[in-house]
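Since the structure comes first, as structure tokens, the remarks are kept for the end.
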Amino acid sequence: MVNLDIQAGRTYHNATKHSHRSIRTNPHFLDWGNQPLPFKIYPKLELLPLPRRFEEGGMPALRAIAEVRGRESAVPDLQNLSQLLHFSAGITRRRAWSGGQIYFRAAACTGALYEIELYLACATLPDLEAGLYHYAADEFGLRKLRTGDFRRVLVEATANQPSIASAPVIILCTATYWRNAWKYQARTYRHFGWDNGTILANLLAVSTSLDFPAEVICGFVDADINRLLDIDSEREVAFSLVPIGRLADSQPPPAEHISPLGLDTVPLSRREVDYPAMRMMHTASSLVMPKEVADWRGGTPMRRHKEPGGELLSLEPLGDKEIPADSIEQVILRRGSTRQFAREPISFVELSTILDRSTRGVAADFLHPFGTSLNDLYLIVNAVEGLPSGSYFFHRERRGLELLREGNFRSQAGDLGLEQELPADASVAIFFLADLEAIFERYGNRGYRAVQLEAGIVGGKLYLSAYALRLGATGLTYYDDDVVSFFSPHAEGKSAVFLVALGKSTKQRGLRS
Ligand SMILES: Cc1cc2nc3c(=O)[nH]c(=O)nc-3n(C[C@H](O)[C@H](O)[C@H](O)COP(=O)(O)O)c2cc1C
């Protein structure tokens, strides 16, 4: 079983670390004339337009981000699908620049390169024929790739995952190498998890708001899903599945024969550059048999954290009656990555609310029991009222912060964040670190996908929670080993996975309610 050859995962991770040296000696430059298209286009298939009537008055954002719920019997219609797709991966802003237009999307994405595509497989819905569809974000519609009910393929590929077996709709997320590797080269495989994760944070929150059950599925037989989608897995690969809704009669009919489709798509660029390391990481983390999938899921490695060395500062989050009423859709529409932070403090209540709402748990097949996590959060606090500046560890189970080292670490935060000003100017920089060895041991190389995906989801929730409070946020990249050294000895043995900076944007000055 290739997934258990964890040397491959270690090798990929080490080879794609950023260091001062790797950044300074990398001769890569951006070939603007060969920039990939940010959309997948099937030019010969008819477009089924999605309704553009969006509901913006759903559940308060800070509840939708934090809660998991869903009716016993819940079948989405086209209007619901339109809502789910638009607020997860739809175009929410356009900006003109000298090279053309940038289409910004509902969720943050490294380099605004948007390498994640969404498809859906559904039973017959009230106003949509059973089929396999591609979501065309640029035209806001669906293109039907296959007619018929193909959900059984997904049930078998996930070894009878109950939430897949009972879902009327399953959203399939794929990742396209070249679209992101054009800028980020082999490190792109990490970005798949991050950029898929931010989309999933939105999708899970909007599903909760619509009262549809939803869960993130990372364990499946890769080749079966890629064959169903008829994607060229040297270029594009299935990364996660999300069953949406629940049917009382839970068994999808036997699947139709899966024949190749051979559909034309518009080339992304004149030429593509291959980075074999990321494709090797994908192959090394592939699951090949349903039995392997069944053994893979569940049973998150439970870790005992060191007892707090000193006083634990308990979070003081807002309760449901105190949170802003702004709906999840309103918050998604106003989200954008903060380009400059004002060096102003946020309150401890705001930081507490963001941490509390973002870390209550993610419904995922690799996070059992619910509420466990693969990532640990470490903070550099630059400016939070009532909290000494310094470095902190977040004790998730105890809902409190442990001060590791007091001091002004603004310049270190900037340096760790790839020498950018954003984490130095922010009020707080939140670093995600994980015990990769324990994850590899339990989940094989597939654990690497899971830990990046979880980071993207929790990172996406941090973004949304900050914007719900009219604060700013941005994802960031970082110098891997320097981050671990900075938080050591507490973080010894862990690896850096993700970084989000939070604070007040210079644009938002004075906007706070
Ligand atoms: C995981 C992640 C890492 C990012 N890293 C950086 C970064 O290092 N520097 C930066 O200026 N922006 C960074 N961004 C922000 C993206 O550039 C931004 O999401 C993208 O341009 C889309 O814009 P929007 O978020 O405003 O919609 C990152 C975003 C994500 C999700």
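When a ligand or atom number is given, it counts from 1 through the structure's own listing order. Computed from a prediction, not measured in an experiment: that's the story for all the values here.
Taking the charged nitrogens against the carboxylate oxygens, R190 and D195 have no contact shorter than 4.0 Å, which rules out a salt bridge. Salt bridge annotation for R235-D274: absent, with no cationic side-chain nitrogen under 4.0 angstrom from a carboxylate oxygen. Taking the charged nitrogens against the carboxylate oxygens, D425 and R343 do have a contact shorter than 4.0 Å, which makes a salt bridge. Here R360 does not pair with E67 in a salt bridge; the nearest charged N to carboxylate O distance is not below 4.0 Å. Note on K40 versus E117: no salt bridge recorded, every NZ/NE/NH1/NH2 to OD/OE distance being 4.0 Å or above.
Here the options are L84, L120, L50, the test is side-chain contact (heavy atoms from CB on, under 4.5 Å), and the partner is Y135; only L50 passes.
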Check ligand 1 for close polar pairs with the protein: N or O on both sides, less than 3.5 Å.
residue	atom	partner	partner atom	Å
ligand 1	5 (N)	G475	O	3.2
ligand 1	8 (O)	Q420	NE2	2.9
ligand 1	8 (O)	T477	N	3.2
ligand 1	9 (N)	Q420	OE1	2.8
ligand 1	11 (O)	R339	NH2	2.5
ligand 1	12 (N)	R339	NH2	3.3
ligand 1	14 (N)	G475	O	3.3
ligand 1	19 (O)	C109	N	3.2
ligand 1	19 (O)	C109	O	3.4
ligand 1	19 (O)	S337	OG	3.1
ligand 1	25 (O)	R335	NH1	3.0
ligand 1	25 (O)	R335	NH2	3.4
ligand 1	25 (O)	S337	N	3.3
ligand 1	25 (O)	S337	OG	2.6
ligand 1	26 (O)	R93	NH2	3.0
ligand 1	26 (O)	S337	N	2.7
ligand 1	27 (O)	R93	NH2	3.0
ligand 1	27 (O)	R335	NH2	2.8

